[in-house]
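Here the structure comes first, spelled out in structure tokens, and everything after it is commentary.
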Protein chains: 2
Amino acid sequence: MSSTSEQTRVRGLRRPATVSDVAAAAQVSTATVSRVLNGNYPVAAATRERVMRAVSKLGYAANANARALTQSDTKTIGIIVPELVDPFFGYMVRGLERATQESGRLAIIATTSFRPGAEIALIDRMRERRVDAVIVVSGGSSDPAYRRQLAQRADALAAMGSRLVLCAHPTLDLPSAARSVAYDTEGGAFSVTEHLIANGHRRIAMVGGESHLPTIGLRRDGYLRALASRGIDIDEDLIRIEGFGRDVGYASTRALMEEHPDVTAIFAVNDTIASGVYDALGDAGLRIPTDVSVVAYDDTPLAANLSPKLTTVHVPLEQLGQEALRAAIDEPDAFSRTPEQGLTLGTYLVHRDSVAMPPR
Amino acid sequence: MSSTSEQTRVRGLRRPATVSDVAAAAQVSTATVSRVLNGNYPVAAATRERVMRAVSKLGYAANANARALTQSDTKTIGIIVPELVDPFFGYMVRGLERATQESGRLAIIATTSFRPGAEIALIDRMRERRVDAVIVVSGGSSDPAYRRQLAQRADALAAMGSRLVLCAHPTLDLPSAARSVAYDTEGGAFSVTEHLIANGHRRIAMVGGESHLPTIGLRRDGYLRALASRGIDIDEDLIRIEGFGRDVGYASTRALMEEHPDVTAIFAVNDTIASGVYDALGDAGLRIPTDVSVVAYDDTPLAANLSPKLTTVHVPLEQLGQEALRAAIDEPDAFSRTPEQGLTLGTYLVHRDSVAMPPR
DNA sequence: TTGAAAGCGCTAACAG
DNA sequence: CTGTTAGCGCTTTCAA
């Protein structure tokens, strides 16, 4: 009881201990304190000992802000993401955050809740913090003005020795210092649609998504290309890009099957939508995959939990995050394996139980 | 093309602009620049104009680290959480992060992946950053040594004008400067069990969780108290606290129903476990709620997506996060509505379709 | 309304 | 091996 340590006894807003305090307590100079703390310079064992004792006695914690002032980096990464709860973003952020900690850094994570303009504003706030890099996950829009702003921020960051990395983000298509780590969105959509066609389907609908989102555009592109490559007519009425969420998947599917009972397969734009599709089909008395086949995109845990288990496109979410961090901190040359526009990770189809041949 | 701005033209690691640069460009002193930027001091309109022009010309972004050195706060909150992808933590972090942004701050978010010891280490790293407060979400353990360390950190933070807030965390039960925001864990478990009993159930099993986690301990306490209060014998063999995850819920339930076919109701320790219970029951040819009733805890979106929709205990996750942030930044007196140990938010039962009277 | 100068806590020459 | 000192970029008295 009587040995309560110094800093716990003195309650209230006292000034935290500084190098000088430690130096005084250990009877050395501040330079010596700095040296033992950073361990990057020879110091006599006895001295070191004395300093360490003082450090723990005073509960000293070096002021990272002061340190940042003299160093070129801050050991901080900025991460901007639309939403944290959604597993699509969640897994990417997980990969990102873990890699950040492994690199000895800490992550400032900020969400935009899809607010337009929020990304740019947050990049600026992170630039003030002098983060080693800022990583913008997905989101964004195809608006040219927005892309121009992003490119401008990329250059501003580069000018101060930092970096902008786009993760699972539509390409900027603009000369800029931004790096980018993406996945093969269009290709995944192509192969999953192709898979349906190979199974004999011709009347294939596409459900879910927001038409202004670049990612969705790419998924549709892949779908269309697959259809076209097999000479199947495009029926625009089978494309129901009417929003996100399970409910939307449900409603769109109910309407779709009512109007087009000849549809034998549905490509849900992501796993969540697919679960709505499942419900709608069930309520309409249609069995999966006997009556209608269903495929989706993302391969979140949900896919394996649906019944029948969902055939879906696997996106290497966590890996995307890891690679984005590498792109953020790697030396320029180490990253040179990705010449210009950046790295693109492959996607692949995970075959499960939601696809069969169409009923006759 | 020719009007490329200054900072975009000069590529490479140039030193970012400073107040002095701006001052020089605007022909004023650094003090004046600081004053217009902070807007907390009268400055002639013309001067202000000149400064602002220089700011945008140079692409100046104030160095937050330097600023932190002269200010008492850093506009940064530290958040430590076991995992981001899990919706239980996800929603809390969402509430936390949003409230943080609304308060004009940015959040450093770090995950522990349940690594023992990681929390303490991360608190220390955040203390170096001089965060305005660090919020530890859930996790933890009932280990006394750990609790002592936490209490010590709480005091160390308080000593430097910061603060430690425990969110949905077991109580420290130790005198310390830590604040705490929790939910009525035991009460929720009590009422959901009580609900089952009121419906006529006597053979009520409990499935899922890790016995060393304090939260699970409290959920079991509520369950036991409800049983005891109605004079129902406790059968330890109906308590299957064998781990987390859907798979565990499945396996435990299969074994349970095999050994105790007289069980008519199952209390799953959370929604995820419940989905495993659902599957197991289904595979065993048992219908919900006709043959066996199921209830759970958390009320994540999953609950409403299961069929039949799951009756579960609602936990105000996002609100918990918001309140934790309030506790983190509120003036001492404003927070005084929570006298000592902190705030406890209520839980309540959400009645859906997974409970019925037991079969005869 | 503006400027000069001190100082926040730390690190990195540069001397000894 | 250790100490002195000069900043890093900003805010803030104190004067003008």
Side-chain angles (χ1 to χ4, degrees), chain A residues 13-52 54-55 58-76 125 127-131 160-162, chain B residues 13-52 54-55 58-76 127-131 159-162:
Chain A
L13 321 188
R14 227 208 359 176
R15 178 180 68 66
T18 71
V19 255
S20 309
D21 297 332
V22 176
Q27 318 246 55
V28 296
S29 72
T30 61
T32 300
V33 175
S34 172
R35 291 199 265 254
V36 343
L37 257 31
N38 293 306
N40 52 4
Y41 217 83
V43 173
T47 314
R48 180 198 318 289
E49 186 52 31
R50 219 150 11 100
V51 171
M52 292 313 280
V55 164
L58 297 175
Y60 173 73
N63 185 328
N65 302 298
R67 180 173 290 167
L69 222 45
T70 57
Q71 240 71 168
S72 60
D73 60 356
T74 55
K75 299 294 181 203
T76 307
R125 297 191 57 190
R127 193 154 70 93
E128 294 182 344
R129 250 83 172 179
R130 297 295 185 269
V131 294
M160 47 180 261
S162 183
Chain B
L13 320 189
R14 226 203 6 169
R15 178 181 66 66
T18 71
V19 255
S20 309
D21 298 330
V22 176
Q27 318 244 55
V28 296
S29 72
T30 60
T32 301
V33 174
S34 172
R35 292 199 263 255
V36 344
L37 257 30
N38 293 305
N40 52 5
Y41 215 83
V43 173
T47 314
R48 179 199 318 290
E49 186 51 30
R50 217 148 16 97
V51 171
M52 292 313 279
V55 164
L58 298 175
Y60 173 72
N63 185 328
N65 302 299
R67 181 174 288 168
L69 222 45
T70 57
Q71 240 70 168
S72 60
D73 60 357
T74 55
K75 299 294 182 204
T76 307
R127 193 154 72 93
E128 293 182 345
R129 254 76 173 181
R130 298 293 187 268
V131 294
M160 47 179 261
S162 183

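- Atom C1' of nucleotide C:dG7 and atom CZ of B:Arg67 are separated by 17 Å, given to the nearest angstrom.
- Of all the heavy atoms in A:Leu69 and B:Ala66, the pair that sits closest is CD1-CB, 3.6 Å.
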Give me the distances for all protein-to-nucleotides 1-3 of chain C N/O pairs that come in under 3.5 Å?
| unit_1 | atom_1 | unit_2 | atom_2 | d |
| --- | --- | --- | --- | --- |
| C:dT2 | OP1 | B:Thr47 | OG1 | 2.3 |
| C:dT2 | OP2 | B:Ala44 | N | 2.8 |
| C:dG3 | OP2 | B:Ser29 | N | 2.9 |
| C:dG3 | OP2 | B:Ser29 | OG | 3.2 |
| C:dG3 | OP2 | B:Thr32 | OG1 | 2.7 |
| C:dG3 | N7 | B:Arg35 | NH2 | 2.7 |
| C:dG3 | O6 | B:Arg35 | NH1 | 3.3 |
| C:dG3 | O6 | B:Arg35 | NH2 | 3.2 |

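- Between the CD atom of B:Gln71 and the C1' atom of D:dT12 there is a distance of 9 Å, rounded to whole Å.
- From A:Arg130, atom CZ reaches atom CG of A:Asn65 across 12.5 Å, with rounding to the nearest 0.5 Å.
- A distance of 11.5 Å separates CE in B:Met160 from OH in A:Tyr60, rounded to the nearest 0.5 Å.
- One interatomic measurement links the two molecules: CG of B:Asn38 to P of D:dT12, which rounds to 7 Å at whole-angstrom precision.
- Remark: A:Ser34 is in phosphate contact with C:dT11, judged by side-chain N or O atoms under 4.0 Å from OP1 or OP2.
- Of the inter-residue distances, the one linking A:Arg67 atom CZ with B:Glu128 atom CD reads 6.5 Å to the nearest 0.5 angstrom.
- Ranking C:dT11, C:dC10, D:dC10 by closeness to the A:Ala66 side chain, first place goes to C:dC10.
- Between the CG atom of B:Leu69 and the C1' atom of C:dT11 there is a distance of 13 Å, rounded to whole Å.
- What separates CG of A:Asp73 from P of D:dC8 is a distance of 18 Å, to the nearest Å.
- Contact record, A:Ser162 with A:Val131: OG-O, 2.9 Å, taken as the closest heavy-atom pair.
- Residue A:Arg129 holds its CZ atom at 9.5 Å from OG1 of A:Thr76, rounded to the nearest 0.5 Å.
- Partner A:Val36 forms a side chain to side chain contact (heavy atoms under 4.5 Å, CB included) with one of A:Arg48, A:Arg50, A:Glu49 and no other, that one being A:Arg48.
- The distance between atom CG of A:Asn63 and atom C1' of C:dG7, rounded to the nearest whole Å, is 14 Å.
- Pairing each heavy atom of B:Thr30 with each of B:Ala23, the nearest pair is N-CB, 3.8 Å.
- Taking atom CG on A:Asn40 and atom P on D:dT2, their separation rounds to 14 Å, with Å as the unit.
- In this model, the phosphate group of C:dC8 is not approached by any side-chain N or O of A:Asn65 to a distance below 4.0 Å at OP1 or OP2.
- Across its full length, the helix from C:dT1-D:dA16 to C:dG16-D:dC1 shows an angle of 40° between the axes of its 5 terminal pairs at either end, rounded to 10 degrees.
- Counting non-hydrogen atoms under 4.0 angstrom, B:Ala62 reaches the backbone sugars and phosphates but no base.
- Across all non-hydrogen atoms, the minimal contact from A:Val43 to A:Thr32 is CG1-CG2, 4.4 Å.
- B:Asp21 places its CG atom 13 Å from the C1' atom of D:dC10, with the value rounded to the nearest Å.
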